[in-house]
Amino acid sequence: MKNPEEINLEKLELLVQSKSFAELSHEEKEWVSQWVESGNDYDMLRKSETQMRQYFLDSKVNPPTLSTLTQLTSHLRKKARGQQIGLRWQFKPSLSAWALAIVFGCVGWWIGQSTTSPVTQSAGITSAIIHDTIYIASKPDTIVTEKVIYRDRPVILTKSVDKDRSSQKLSQPDGINMKEKEELEKLLVSGTD
Amino acid sequence: MQKVHQGSEVALTEIYQRYSTPLMRYFTRMLWRDHQKAQDFLHDIFIKIIDNPQRFDGTRKFSTWIFSVAHNMCKNEYRKKSNHERLNGFHINGEVNVDLHDSMDRLTVKYRLEKMLDELDEEDKTLLLLRYEEDLSIEQISEIVFLAEGTIKSRLFYLRKELARKLNGYKVVFNEREA
(Lines give C-alpha, C1' and ligand atoms only; values in the text may rest on other atoms or scores of the structure.)
Protein backbone atom coordinates (compact mmCIF):
# COMPACT_ATOMS: atom_id res chain seq x y z
CA MET A 1 0.00 0.00 0.00
CA LYS A 2 1.21 3.46 -0.87
CA ASN A 3 1.48 5.80 2.05
CA PRO A 4 -1.36 8.35 1.67
CA GLU A 5 0.97 10.98 3.12
CA GLU A 6 2.98 10.75 -0.10
CA ILE A 7 -0.01 11.34 -2.33
CA ASN A 8 0.01 14.31 -4.66
CA LEU A 9 -3.45 15.33 -3.57
CA GLU A 10 -3.55 18.39 -5.79
CA LYS A 11 -2.87 16.27 -8.88
CA LEU A 12 -5.52 13.71 -7.93
CA GLU A 13 -8.07 16.45 -7.25
CA LEU A 14 -7.30 18.11 -10.56
CA LEU A 15 -7.75 14.89 -12.48
CA VAL A 16 -10.93 13.99 -10.60
CA GLN A 17 -12.40 17.41 -11.32
CA SER A 18 -11.46 17.55 -14.98
CA LYS A 19 -11.62 14.04 -16.38
CA SER A 20 -13.63 10.90 -16.03
CA PHE A 21 -11.75 7.62 -15.81
CA ALA A 22 -12.40 6.96 -19.47
CA GLU A 23 -10.87 10.28 -20.42
CA LEU A 24 -7.62 9.66 -18.56
CA SER A 25 -4.49 8.90 -20.55
CA HIS A 26 -2.61 5.64 -20.06
CA GLU A 27 0.00 7.28 -17.83
CA GLU A 28 -2.67 9.03 -15.83
CA LYS A 29 -4.59 5.80 -15.35
CA GLU A 30 -1.40 4.13 -14.14
CA TRP A 31 -0.75 6.94 -11.69
CA VAL A 32 -4.36 6.98 -10.44
CA SER A 33 -4.35 3.22 -9.96
CA GLN A 34 -1.69 3.70 -7.28
CA TRP A 35 -4.43 5.20 -5.11
CA VAL A 36 -7.75 3.99 -6.45
CA GLU A 37 -8.62 0.34 -7.02
CA SER A 38 -10.85 0.65 -10.09
CA GLY A 39 -12.29 3.01 -12.66
CA ASN A 40 -15.66 2.78 -10.91
CA ASP A 41 -14.13 3.95 -7.64
CA TYR A 42 -12.45 6.81 -9.45
CA ASP A 43 -15.75 7.90 -10.99
CA MET A 44 -17.50 7.70 -7.65
CA LEU A 45 -14.80 9.92 -6.19
CA ARG A 46 -15.36 12.29 -9.07
CA LYS A 47 -19.09 12.36 -8.46
CA SER A 48 -18.73 13.10 -4.76
CA GLU A 49 -16.18 15.81 -5.50
CA THR A 50 -18.62 17.51 -7.85
CA GLN A 51 -21.47 17.13 -5.35
CA MET A 52 -19.41 18.61 -2.55
CA ARG A 53 -18.23 21.61 -4.55
CA GLN A 54 -21.77 22.17 -5.79
CA TYR A 55 -23.01 22.06 -2.23
CA PHE A 56 -20.56 24.74 -1.14
CA LEU A 57 -21.58 26.89 -4.11
CA ASP A 58 -25.32 26.46 -3.59
CA SER A 59 -25.69 26.64 0.14
CA LYS A 60 -24.73 30.26 0.50
CA VAL A 61 -24.03 31.52 3.95
CA ASN A 62 -25.63 34.76 5.08
CA PRO A 63 -23.23 37.64 4.64
CA PRO A 64 -21.94 39.43 7.73
CA THR A 65 -24.26 42.17 8.93
CA LEU A 66 -23.29 45.78 8.39
CA SER A 67 -23.81 46.64 12.04
CA THR A 68 -20.76 44.51 12.93
CA LEU A 69 -18.44 46.81 11.01
CA THR A 70 -20.05 49.88 12.60
CA GLN A 71 -19.59 48.40 16.07
CA LEU A 72 -15.99 47.50 15.29
CA THR A 73 -15.24 50.97 13.96
CA SER A 74 -16.64 52.63 17.07
CA HIS A 75 -14.64 50.19 19.21
CA LEU A 76 -11.48 51.11 17.31
CA ARG A 77 -12.28 54.82 17.73
CA LYS A 78 -12.74 54.39 21.47
CA LYS A 79 -9.49 52.47 21.74
CA ALA A 80 -7.58 55.08 19.72
CA ARG A 81 -9.00 57.84 21.94
CA GLY A 82 -7.99 55.90 25.03
CA GLN A 83 -4.48 55.52 23.68
CA GLN A 84 -4.22 59.25 22.98
CA ILE A 85 -5.27 60.11 26.53
CA GLY A 86 -2.78 57.60 27.84
CA LEU A 87 -0.02 59.13 25.73
CA ARG A 88 -0.88 62.64 26.93
CA TRP A 89 -0.60 61.51 30.53
CA GLN A 90 2.66 59.81 29.77
CA PHE A 91 4.18 62.87 28.13
CA LYS A 92 2.99 65.47 30.64
CA PRO A 93 5.35 64.60 33.49
CA SER A 94 8.19 63.85 31.19
CA LEU A 95 7.91 67.28 29.51
CA SER A 96 7.84 69.12 32.82
CA ALA A 97 10.80 67.03 33.96
CA TRP A 98 12.70 68.03 30.85
CA ALA A 99 11.84 71.70 31.40
CA LEU A 100 13.03 71.50 35.01
CA ALA A 101 16.22 69.76 33.98
CA ILE A 102 16.95 72.49 31.42
CA VAL A 103 16.31 75.27 33.97
CA PHE A 104 18.57 73.60 36.54
CA GLY A 105 21.21 73.05 33.91
CA CYS A 106 21.22 76.74 32.93
CA VAL A 107 21.37 77.91 36.56
CA GLY A 108 24.18 75.51 37.29
CA TRP A 109 26.11 76.64 34.24
CA TRP A 110 25.62 80.29 35.20
CA ILE A 111 26.85 79.68 38.77
CA GLY A 112 29.80 77.77 37.44
CA GLN A 113 30.70 80.58 35.07
CA SER A 114 30.53 83.26 37.77
CA THR A 115 32.84 81.43 40.22
CA THR A 116 35.59 80.54 37.78
CA SER A 117 37.17 84.09 37.54
CA PRO A 118 39.68 84.21 40.43
CA VAL A 119 40.72 87.93 40.22
CA THR A 120 38.42 90.80 39.46
CA GLN A 121 39.65 94.40 38.96
CA SER A 122 37.49 97.46 39.25
CA ALA A 123 38.30 101.19 39.72
CA GLY A 124 41.87 100.65 40.84
CA ILE A 125 40.99 98.41 43.72
CA THR A 126 42.55 95.05 43.50
CA SER A 127 40.84 92.26 45.19
CA ALA A 128 41.95 88.74 45.33
CA ILE A 129 40.16 85.75 46.52
CA ILE A 130 41.99 84.10 49.31
CA HIS A 131 41.23 80.59 50.04
CA ASP A 132 40.67 80.41 53.73
CA THR A 133 41.58 77.30 55.48
CA ILE A 134 38.88 76.18 57.77
CA TYR A 135 39.86 73.82 60.50
CA ILE A 136 37.12 71.81 61.75
CA ALA A 137 37.96 71.13 65.36
CA SER A 138 36.20 68.64 67.36
CA LYS A 139 36.31 68.33 71.12
CA PRO A 140 38.17 65.36 72.43
CA ASP A 141 36.01 62.91 74.09
CA THR A 142 35.59 63.39 77.77
CA ILE A 143 36.18 60.34 79.78
CA VAL A 144 34.63 60.48 83.14
CA THR A 145 36.82 58.58 85.55
CA GLU A 146 35.29 59.76 88.76
CA LYS A 147 31.76 59.62 89.68
CA VAL A 148 30.00 61.94 92.03
CA ILE A 149 27.57 60.19 94.22
CA TYR A 150 24.94 62.20 95.88
CA ARG A 151 23.64 60.79 99.06
CA ASP A 152 20.47 61.88 100.79
CA ARG A 153 21.04 63.26 104.20
CA PRO A 154 18.25 63.78 106.71
CA VAL A 155 17.89 67.39 107.89
CA ILE A 156 16.14 68.25 111.10
CA LEU A 157 13.94 71.24 110.67
CA THR A 158 12.73 73.17 113.78
CA LYS A 159 9.29 74.56 113.90
CA SER A 160 9.51 77.78 116.03
CA VAL A 161 11.60 80.88 115.31
CA ASP A 162 12.97 81.10 118.88
CA LYS A 163 14.17 77.63 118.77
CA ASP A 164 15.87 78.45 115.52
CA ARG A 165 17.68 81.34 117.11
CA SER A 166 18.76 79.29 120.13
CA SER A 167 19.87 76.55 117.89
CA GLN A 168 21.85 79.12 115.87
CA LYS A 169 23.49 80.29 119.01
CA LEU A 170 24.38 76.81 119.98
CA SER A 171 25.73 75.96 116.64
CA GLN A 172 27.96 79.06 116.39
CA PRO A 173 31.60 78.33 117.33
CA ASP A 174 32.83 80.03 120.50
CA GLY A 175 35.35 82.90 119.97
CA ILE A 176 38.24 83.86 122.35
CA ASN A 177 37.82 86.48 125.01
CA MET A 178 40.28 89.27 125.81
CA LYS A 179 41.99 87.38 128.62
CA GLU A 180 42.65 84.42 126.50
CA LYS A 181 43.97 86.71 123.79
CA GLU A 182 46.47 88.31 126.06
CA GLU A 183 47.73 84.98 127.23
CA LEU A 184 48.08 83.85 123.71
CA GLU A 185 50.09 86.88 122.67
CA LYS A 186 52.42 86.44 125.62
CA LEU A 187 52.95 82.93 124.64
CA LEU A 188 53.82 83.88 121.15
CA VAL A 189 56.32 86.57 122.18
CA SER A 190 58.08 84.43 124.72
CA GLY A 191 58.00 81.30 122.61
CA THR A 192 57.79 79.27 125.71
CA ASP A 193 54.93 77.93 127.74
CA MET B 1 -2.26 45.58 10.93
CA GLN B 2 0.07 48.38 11.99
CA LYS B 3 -2.43 50.91 10.67
CA VAL B 4 -5.23 49.24 12.60
CA HIS B 5 -3.03 49.46 15.70
CA GLN B 6 -2.61 53.17 15.02
CA GLY B 7 -6.40 53.52 14.91
CA SER B 8 -6.94 53.67 11.16
CA GLU B 9 -10.59 52.99 10.40
CA VAL B 10 -9.82 52.70 6.70
CA ALA B 11 -7.39 49.85 7.38
CA LEU B 12 -9.94 48.09 9.57
CA THR B 13 -12.63 48.44 6.93
CA GLU B 14 -10.22 47.06 4.32
CA ILE B 15 -9.41 44.00 6.46
CA TYR B 16 -13.08 43.52 7.27
CA GLN B 17 -14.18 43.68 3.67
CA ARG B 18 -11.49 41.24 2.62
CA TYR B 19 -11.90 38.62 5.35
CA SER B 20 -15.38 38.94 6.86
CA THR B 21 -17.14 36.88 4.19
CA PRO B 22 -14.77 33.86 4.19
CA LEU B 23 -14.61 33.98 7.99
CA MET B 24 -18.38 34.20 8.25
CA ARG B 25 -18.65 31.22 5.89
CA TYR B 26 -16.15 29.26 7.94
CA PHE B 27 -17.81 30.08 11.27
CA THR B 28 -21.31 29.31 10.00
CA ARG B 29 -20.28 25.89 8.68
CA MET B 30 -18.17 25.11 11.70
CA LEU B 31 -20.78 26.19 14.22
CA TRP B 32 -23.58 23.95 12.96
CA ARG B 33 -25.03 26.66 10.67
CA ASP B 34 -25.85 28.86 13.63
CA HIS B 35 -25.81 32.22 11.91
CA GLN B 36 -26.11 34.26 15.09
CA LYS B 37 -23.23 32.45 16.74
CA ALA B 38 -21.15 32.84 13.59
CA GLN B 39 -21.88 36.56 13.64
CA ASP B 40 -20.76 36.77 17.28
CA PHE B 41 -17.59 34.88 16.50
CA LEU B 42 -16.86 37.20 13.59
CA HIS B 43 -17.32 40.19 15.88
CA ASP B 44 -15.06 38.63 18.51
CA ILE B 45 -12.25 37.82 16.11
CA PHE B 46 -12.13 41.42 14.90
CA ILE B 47 -12.21 42.69 18.47
CA LYS B 48 -9.18 40.48 19.10
CA ILE B 49 -7.46 42.03 16.10
CA ILE B 50 -8.17 45.54 17.37
CA ASP B 51 -7.33 44.92 21.01
CA ASN B 52 -4.29 42.68 20.62
CA PRO B 53 -2.60 43.52 17.33
CA GLN B 54 0.76 42.53 18.86
CA ARG B 55 -0.40 38.92 18.76
CA PHE B 56 -0.09 38.96 14.98
CA ASP B 57 3.05 37.14 13.96
CA GLY B 58 4.55 39.31 11.23
CA THR B 59 6.43 36.35 9.75
CA ARG B 60 3.16 34.69 8.77
CA LYS B 61 0.65 35.59 6.11
CA PHE B 62 -2.27 37.51 7.55
CA SER B 63 -4.85 35.22 5.89
CA THR B 64 -3.39 32.07 7.44
CA TRP B 65 -2.94 33.79 10.80
CA ILE B 66 -6.55 34.98 10.96
CA PHE B 67 -7.83 31.54 9.99
CA SER B 68 -5.68 29.91 12.67
CA VAL B 69 -7.25 32.28 15.24
CA ALA B 70 -10.69 31.33 13.90
CA HIS B 71 -9.76 27.65 14.06
CA ASN B 72 -8.72 27.98 17.70
CA MET B 73 -11.97 29.76 18.54
CA CYS B 74 -13.96 26.93 16.98
CA LYS B 75 -11.82 24.35 18.75
CA ASN B 76 -12.70 25.97 22.08
CA GLU B 77 -16.38 26.01 21.13
CA TYR B 78 -16.30 22.31 20.24
CA ARG B 79 -14.59 21.56 23.54
CA LYS B 80 -17.25 23.52 25.39
CA LYS B 81 -20.03 21.74 23.51
CA SER B 82 -18.50 18.35 24.12
CA ASN B 83 -18.21 19.07 27.86
CA HIS B 84 -21.80 20.29 27.90
CA GLU B 85 -23.02 17.15 26.12
CA ARG B 86 -21.01 14.92 28.40
CA LEU B 87 -22.50 16.59 31.46
CA ASN B 88 -25.99 16.24 30.03
CA GLY B 89 -25.44 12.67 28.89
CA PHE B 90 -26.09 13.54 25.26
CA HIS B 91 -23.64 12.94 22.46
CA ILE B 92 -24.10 12.57 18.73
CA ASN B 93 -21.77 10.02 17.26
CA GLY B 94 -21.64 9.44 13.51
CA GLU B 95 -20.98 5.76 13.90
CA VAL B 96 -24.11 5.27 15.99
CA ASN B 97 -26.31 6.53 13.20
CA VAL B 98 -25.53 3.73 10.74
CA ASP B 99 -29.21 2.96 10.23
CA LEU B 100 -29.82 6.60 9.56
CA HIS B 101 -27.27 6.52 6.75
CA ASP B 102 -29.11 3.61 5.15
CA SER B 103 -32.35 5.53 5.15
CA MET B 104 -30.69 8.61 3.79
CA ASP B 105 -30.89 7.43 0.22
CA ARG B 106 -34.12 9.25 -0.24
CA LEU B 107 -32.75 12.43 1.19
CA THR B 108 -31.05 15.06 -0.82
CA VAL B 109 -27.31 15.29 -1.27
CA LYS B 110 -27.39 18.59 0.53
CA TYR B 111 -28.89 17.08 3.62
CA ARG B 112 -26.43 14.22 3.58
CA LEU B 113 -23.51 16.56 3.24
CA GLU B 114 -24.75 18.73 6.05
CA LYS B 115 -25.27 15.68 8.20
CA MET B 116 -21.83 14.42 7.35
CA LEU B 117 -20.23 17.74 8.14
CA ASP B 118 -22.07 17.93 11.45
CA GLU B 119 -20.78 14.53 12.43
CA LEU B 120 -17.18 15.30 11.63
CA ASP B 121 -14.88 16.35 14.41
CA GLU B 122 -13.66 19.92 14.51
CA GLU B 123 -10.30 19.32 12.88
CA ASP B 124 -11.55 17.19 10.00
CA LYS B 125 -14.29 19.67 9.30
CA THR B 126 -11.75 22.49 9.26
CA LEU B 127 -9.59 20.57 6.80
CA LEU B 128 -12.51 19.93 4.47
CA LEU B 129 -13.80 23.49 4.60
CA LEU B 130 -10.45 25.14 4.15
CA ARG B 131 -9.57 22.87 1.29
CA TYR B 132 -12.84 22.59 -0.62
CA GLU B 133 -14.66 25.76 0.27
CA GLU B 134 -11.89 28.28 0.80
CA ASP B 135 -9.59 26.64 -1.76
CA LEU B 136 -6.50 27.01 0.40
CA SER B 137 -3.35 25.11 -0.42
CA ILE B 138 -2.12 22.20 1.71
CA GLU B 139 0.78 24.42 2.81
CA GLN B 140 -1.58 27.16 4.01
CA ILE B 141 -3.79 24.67 5.82
CA SER B 142 -0.71 23.26 7.49
CA GLU B 143 0.12 26.74 8.82
CA ILE B 144 -3.41 27.22 10.08
CA VAL B 145 -3.95 23.96 11.91
CA PHE B 146 -0.29 23.33 12.81
CA LEU B 147 -0.19 19.87 11.26
CA ALA B 148 2.38 18.37 8.90
CA GLU B 149 1.48 18.56 5.23
CA GLY B 150 1.69 14.77 4.92
CA THR B 151 -0.78 14.33 7.76
CA ILE B 152 -3.19 16.77 6.12
CA LYS B 153 -2.96 14.96 2.77
CA SER B 154 -3.57 11.63 4.42
CA ARG B 155 -6.54 12.86 6.42
CA LEU B 156 -8.10 14.60 3.44
CA PHE B 157 -7.62 11.44 1.41
CA TYR B 158 -9.56 9.35 3.93
CA LEU B 159 -12.18 12.07 4.31
CA ARG B 160 -12.78 11.99 0.57
CA LYS B 161 -13.17 8.24 0.73
CA GLU B 162 -15.70 8.60 3.56
CA LEU B 163 -17.48 11.37 1.72
CA ALA B 164 -17.92 9.25 -1.41
CA ARG B 165 -19.30 6.42 0.71
CA LYS B 166 -21.78 8.53 2.61
CA LEU B 167 -22.95 10.58 -0.36
CA ASN B 168 -23.54 7.73 -2.75
CA GLY B 169 -23.97 4.79 -0.47
CA TYR B 170 -21.08 3.18 -2.22
CA LYS B 171 -17.90 1.94 -0.65
CA VAL B 172 -15.01 3.22 -2.66
CA VAL B 173 -12.22 0.69 -2.47
CA PHE B 174 -8.94 2.43 -2.47
CA ASN B 175 -5.83 0.60 -3.45
CA GLU B 176 -4.62 0.23 0.10
CA ARG B 177 -4.80 -3.54 0.80
CA GLU B 178 -5.49 -3.14 4.46
CA ALA B 179 -3.15 -5.22 6.56
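To find a chain, count down the sequence lines: A is the first, B the second, and so on, and within it residues start at 1. No experiment lies behind these values; they were computed from the predicted model shown.
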K.L.:
With a 4.5 angstrom heavy-atom cut-off, could you sort out which part of B:Gln17 is near chain A: side chain, backbone, both or neither?
P.N.:
neither
K.L.:
Between B:Leu23, B:Thr28, B:Leu42, who has the most heavy-atom pairs with chain A when the cutoff is under 4.5 Å?
P.N.:
B:Thr28
K.L.:
May I ask you to name which of B:Ile47, B:Thr21, B:Leu156, B:Ile152 has the most heavy-atom pairs under 4.5 Å with chain A?
P.N.:
B:Ile47
K.L.:
Just so I understand: if I count every heavy-atom pair under 4.5 Å between each of B:Ile49, B:Leu113, B:Leu163 and chain A, which residue has the most?
P.N.:
B:Leu113
K.L.:
Which atoms of B:Pro53 are under 4.5 Å from chain A, going by heavy atoms: the side chain, the backbone, both sets, or neither?
P.N.:
side chain
K.L.:
Less than 4.5 Å to any heavy atom of chain A: does that hold for the side chain of B:His43, its backbone, both, or neither?
P.N.:
both
K.L.:
Tell me, side chain or backbone of B:Tyr16 under 4.5 Å from chain A's heavy atoms, or both, or neither?
P.N.:
side chain
K.L.:
What pairs with B:Glu9 under side chain to side chain contact (heavy atoms under 4.5 Å, CB included), at least two apart in sequence or on another chain?
P.N.:
A:Thr73, A:Leu76, A:Arg77
K.L.:
In terms of heavy-atom proximity below 4.5 Å to chain A, should B:Thr13 be classed as side chain, backbone, both, or neither?
P.N.:
both
K.L.:
For A:Pro63, is it the side chain, the backbone, both or neither that has a heavy atom under 4.5 Å from a heavy atom of chain B?
P.N.:
backbone
K.L.:
Looking at B:Arg79 and B:Glu122, is there a salt bridge between them, counting it only when a charged N and a carboxylate O are closer than 4.0 Å?
P.N.:
no
K.L.:
Salt bridge check: are B:Glu162 and B:Arg165 linked by an N-O gap of less than 4.0 Å?
P.N.:
yes
K.L.:
Which answer fits A:Gln54, side chain, backbone, both or neither, if we ask what part of it has an atom under 4.5 Å from a heavy atom of chain B?
P.N.:
neither
K.L.:
Report the option among B:Glu114, B:Arg29, B:Arg33, B:Met24 that has the most heavy-atom pairs separated by less than 4.5 Å from atoms of chain A.
P.N.:
B:Arg29
K.L.:
Going by the side-chain contact (heavy atoms from CB on, under 4.5 Å) test, name the single residue among B:Asp135, B:Ile138, B:Thr64, B:Leu136 that passes it with B:Leu130.
P.N.:
B:Leu136
K.L.:
By a 4.5 Å heavy-atom criterion (distance strictly below it), what part of B:Ile15 contacts chain A: side chain, backbone, both, or neither?
P.N.:
neither
K.L.:
Hey, does the Lys NZ or Arg CZ of A:Lys29 hover above the aromatic six-ring of A:Phe21, less than 6.0 Å from the centre and inside 45° of the axis?
P.N.:
yes
K.L.:
Tell me, for B:Arg155 versus chain A, whether the close heavy atoms (under 4.5 Å) come from the side chain, the backbone, both or neither.
P.N.:
neither
K.L.:
CG of A:Leu66: more than 12 outside heavy atoms within 6.0 angstrom?
P.N.:
no
K.L.:
Give a yes or no on whether A:Phe56 and A:Leu14 share a hydrophobic cluster (residues Ile, Leu, Val, Met, Phe, Trp, Tyr; joining criterion: side-chain heavy atoms under 4.5 Å apart).
P.N.:
no
K.L.:
Let me know which of A:Arg53, A:Glu49, A:Glu13 forms a side chain to side chain donor-acceptor pair (under 3.5 Å) with B:Tyr132.
P.N.:
A:Glu13
K.L.:
Under a 4.0 Å threshold between the charged nitrogen and the carboxylate oxygen, would B:Arg18 count as salt-bridged to B:Glu14?
P.N.:
yes
